[in-house]
Amino acid sequence: MPSSVTGVIQDLERILLTPAQISERVDAMAARLNAELAGKVVTVVALMDGGLFFVADLLRRLEMPVRLYTLSASSYQGGTTTTGEVKVNWPANFDIRDQDVLLLDDILDTGLTLSAICERLLAQQPASLRTCVLLSKRRERLREVALDDAGFEIGDEFVVGYGMDYQGRFRNLPCIGILNPNPAS
Ligand code: 5GP
Ligand code: MG
């Protein structure tokens, strides 16, 4: 770990996924997409901010031409429980009609976010839609989402790091971990 983040790592109860484990899995996810989407131009729709590191790491491993839209979506209001309402910032020029779309997000939890976004994407009639997440939580979904790939299945615990935050913090951790309920800082 870079020494600059060791202080923040003390705020973790435990590390769930190391940078090496994440990297190895992202390699495999990219290899699969490179095989399945070879010869296509892919329009990536990436959810921010939590997906920032996953998207950056996956995209630089993709070999086909790629277009990128980033969306900000939130069903969280800064805490650890979902509000149920999904807010999305759609870019003014957003147009995916007849395109091969790859939707990327950090975590599939209740399914509210991705199902709301998939519905809006499908309404624009893309040629195809694939949905990949880095983490899929093992829990009951409020809305079903058809996933094409998930990096890791994890328990129903609140995670931070590798782009994912708690109240705006911890995104810069290179690993993914469970927060210490009594953080030192
Ligand atoms: P869903 O709509 O599926 O309940 O939630 C999806 C979004 O909630 C994810 O894209 C992610 O931004 C956020 N989220 C869900 N679980 C966690 C978690 O354990 N940690 C963090 N930091 N964000 C989460
Ligand atoms: Mg998110």
Side-chain angles (χ1 to χ4, degrees), residues 1 5 8-19 21-22 25-26 29 43-59 68-91 94 101-123 129-183 185:
M1 298 285 167
V5 296
V8 194
I9 286 180
Q10 285 166 11
D11 288 336
L12 295 184
E13 185 178 276
R14 66 197 158 89
I15 291 176
L16 199 63
L17 296 164
T18 64
Q21 287 173 308
I22 298 168
R25 190 66 189 101
V26 174
M29 293 175 87
T43 300
V44 172
V45 177
L47 301 197
M48 296 291 129
D49 296 324
L52 180 65
F53 289 21
F54 171 50
V55 170
D57 283 348
L58 187 76
L59 257 63
L68 174 65
Y69 286 110
T70 57
L71 305 180
S72 296
S74 62
S75 60
Y76 275 43
Q77 299 289 323
T80 58
T81 52
T82 185
T83 59
E85 191 199 349
V86 180
K87 292 186 193 152
V88 183
N89 278 8
W90 294 95
F94 190 82
V101 175
L102 173 62
L103 173 61
L104 298 177
D105 196 10
D106 52 359
I107 307 183
L108 176 64
D109 185 14
T110 64
L112 286 172
T113 307
L114 280 179
S115 66
I117 288 170
C118 281
E119 206 173 291
R120 288 286 301 272
L121 296 182
L122 289 169
L129 174 62
R130 273 182 178 68
T131 303
C132 297
V133 296
L134 180 64
L135 306 176
S136 170
K137 283 196 186 175
R138 225 175 287 118
R139 57 158 289 163
E140 201 183 318
R141 309 268 182 244
L142 299 178
R143 294 268 195 292
E144 277 314 313
V145 175
L147 279 186
D148 293 279
D149 205 359
F152 302 91
E153 263 221 344
I154 62 168
D156 190 7
E157 294 178 288
F158 194 82
V159 296
V160 295
Y162 194 66
M164 292 167 279
D165 76 313
Y166 172 65
Q167 296 188 340
R169 291 187 53 205
F170 306 106
R171 290 195 198 277
N172 57 318
L173 291 182
C175 61
I176 294 172
I178 311 289
L179 262 194
N180 186 333
N182 303 301
S185 56

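As the structure lists them, so they are numbered: ligands from 1, and atoms in each ligand from 1.
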Requested in this report: Please identify which atoms of ligand 1 are closer than 4.0 Å to at least one heavy atom of L112.
Outcome: 2 (O), 3 (O)
**Report entry** Pair R143 + E119: basic N to acidic O under 4.0 Å
**Finding:** no
Query - Verdict with supporting geometry, M48 and N89, side chain to side chain contact (heavy atoms under 4.5 Å, CB included) - result: CA-CA 10 Å; M48 296 291 129; N89 278 8; over 6 Å; no
**Report entry** Contacts of F152 that satisfy ring pair (Phe, Tyr, Trp, His ring centres under 6.0 Å) - sequence neighbours left out
**Finding:** none
Query raised in the report: Listed by chain and number, what are the ring pair (Phe, Tyr, Trp, His ring centres under 6.0 Å) partners of F54, not counting sequence neighbours?
Result: none
Query raised in the report: With backbone taken as N, CA, C and O and side chain as the heavy atoms from C-beta onward, which portion of D105 lies under 4.0 Å from ligand 1: side chain, backbone, both, or neither?
Result: side chain
Query raised in the report: Does D149 come within less than 4.0 Å of R25, counting only side-chain N to carboxylate O?
Result: yes
Requested in this report: Number the atoms of ligand 1 from 1 as they appear, then name those within less than 4.0 Å of a heavy atom of T110, with their elements.
Outcome: 1 (P), 2 (O), 3 (O), 4 (O)
**Report entry** CG on L16 to CD1 on I22, rounded to 0.5 Å
**Finding:** 9.0 Å
Report task. Looking only at distances, please establish whether an N/O atom of ligand 1 is found under 3.5 Å from an N/O atom of G111. Result -> yes
Requested in this report: Would you check whether K137 has a nitrogen or oxygen atom less than 3.5 angstrom from a nitrogen or oxygen atom of ligand 1?
Outcome: yes
Report task. Run the numbers for me: atoms of ligand 1, each under 4.0 Å from some heavy atom of D165, listed by number. Result -> 21 (C), 22 (N)
Query - Heteroatom proximity flag, V160 to ligand 1, N/O under 3.5 Å - result: no
Query - Sub-4.0 Å heavy-atom contact, Y166 with ligand 1 - result: no
Query raised in the report: Which of the atoms in ligand 1, numbered in the order shown and given with their element, are less than 4.0 Å from a heavy-atom of E157?
Result: 19 (O)
Query raised in the report: Aromatic rings Y69 and F94: how do their planes relate, parallel, tilted or perpendicular, breaks at 30° and 60°?
Result: tilted
